[in-house]
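Okay, so here's the structure we're looking at.
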Amino acid sequence: MPHKSAIFANNNSEVRAIDAAKQNPIIEAYIGEYASGKSENAVNRAVELVHKKRQVTLVDLDLVEPFYTLRPIKKQLEELGITVIAWDTKETLGLGEAGSVIKPEMIWVLKRSGDIVLDLGYGVDGARVLNLLVGFKQNPFLKIIAVLNTTRPMTETVDDIIQFVKGLEPVDGLINNTHLGDETTVQLIQEGAKKVNAAAKKLNLPVIATSADERLREQLGAYDQMGNPVRYLKRYMAQTFW
């Protein structure tokens, strides 16, 4: 007969397995202005979740600008264990600046099991794509996150941010991703954090995090000066404005 402690250990393992199976899925859609960094935030979030041994699907729903998509890094992300729903580059040759068309499996993506990260196109046009997804308005787990870069014209001031976010509604939370590419400083990020926090209070929305390039980790620390956690980003996107 097994020792009593072994029985308890087995029972605890079973309980943890059951708890894991009952875990609510994380479903997040990332939206923002052109060059806000929404795609980099979406990709890094998917990578973070898969590193936690979660089942993750990342969806390229940028139908607005065909150049800034996940297609070039699809294989790289799949090798990490992420299921990537996106067109292959060879499938989109000839589209030019006409944008992309939605893949059939994208329409049903919210019916998939596990965690789902959606990378939307920029601005209001990007947000509208959500209306094409079956179950969008009924999904209780979907969170729409606006990624904000206060160096961009449409989100430069507190009032700009408020107006921009209201145009994207519904939105469930904000991320401060203020940056100037390789010229980004900690001071610039902190100034962005102040503006995003001020706008969040007026919008009655939470600030989920400040995100920053991982090279600034030692200078910036775990929290910005407003008390928001910092998510550090590895650059996966090849573009200058990530």
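For reference, positions follow the sequence shown, starting with 1.
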Exercise answer: donor-acceptor pairs, residues 136-147 side-chain atoms, under 3.5 Å, sequence neighbours excluded:
unit_1: Asn139; atom_1: OD1; unit_2: Phe141; atom_2: N; d: 2.9
unit_1: Asn139; atom_1: OD1; unit_2: Leu142; atom_2: N; d: 3.2

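- Gln163 is linked by a side-chain contact (heavy atoms from CB on, under 4.5 Å) to nothing, counting only residues two or more places apart in sequence or in another chain.
- Between Glu48 and Lys52 a salt bridge is recorded (basic side-chain N to carboxylate O distance below 4.0 Å).
- Remark: side-chain polar atoms of Arg231 are not paired, donor with acceptor, to backbone N or O of Ala212 under 3.5 angstrom.
- When hydrophobic residues (I, L, V, M, F, W, Y) are linked wherever their side-chain heavy atoms come within less than 4.5 Å, the members clustered with Leu220 are Val186, Ile189, Leu216, Val230, Tyr232.
- Evaluated for a side chain to side chain contact (heavy atoms under 4.5 Å, CB included) with Asn149, the options His179, Met154, Glu156 yield exactly one hit, His179.
- For Lys201, the side-chain contact (heavy atoms from CB on, under 4.5 Å) criterion is met by no residue, not counting sequence neighbours.
- Side-chain contact between Leu133 and Leu61 is present, with heavy atoms from C-beta onward closer than 4.5 Å.
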Q: Please lay out, stage by stage, how Asn177 and Leu233 fare under the test side-chain contact (heavy atoms from CB on, under 4.5 Å).
A: CA-CA 10 Å; Asn177 189 50; Leu233 305 177; 3.8 Å; yes
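- Side-chain contact between Asp62 and Leu120 is absent, with no heavy-atom pair separated by less than 4.5 Å.
- With a 4.5 Å cut-off on side-chain heavy atoms, Asn41 and Ile175 count as touching.
- Glu169 meets the side-chain contact (heavy atoms from CB on, under 4.5 Å) test with Lys166; sequence neighbours excluded.
- A search for side chain to side chain donor-acceptor pair (under 3.5 Å) contacts involving Glu33 returns Thr155, not counting sequence neighbours.
- Between the side chains of Gln23 and Arg54, a donor-acceptor pair is found at a separation under 3.5 Å.
- The shortest distance between side-chain heavy atoms of Thr178 and Leu148 does not fall below 4.5 Å.
- Within the 4.5 Å cutoff, the side chain of Arg235 has heavy atoms near those of the Asp213 side chain.
- The residues Asp119 and Lys38 are annotated as salt-bridged, a charged nitrogen and a carboxylate oxygen being separated by less than 4.0 angstrom.
- For the 3.5 Å distance criterion, the side chains of Thr157 and Asp159 fail to qualify, holding no donor opposite an acceptor.
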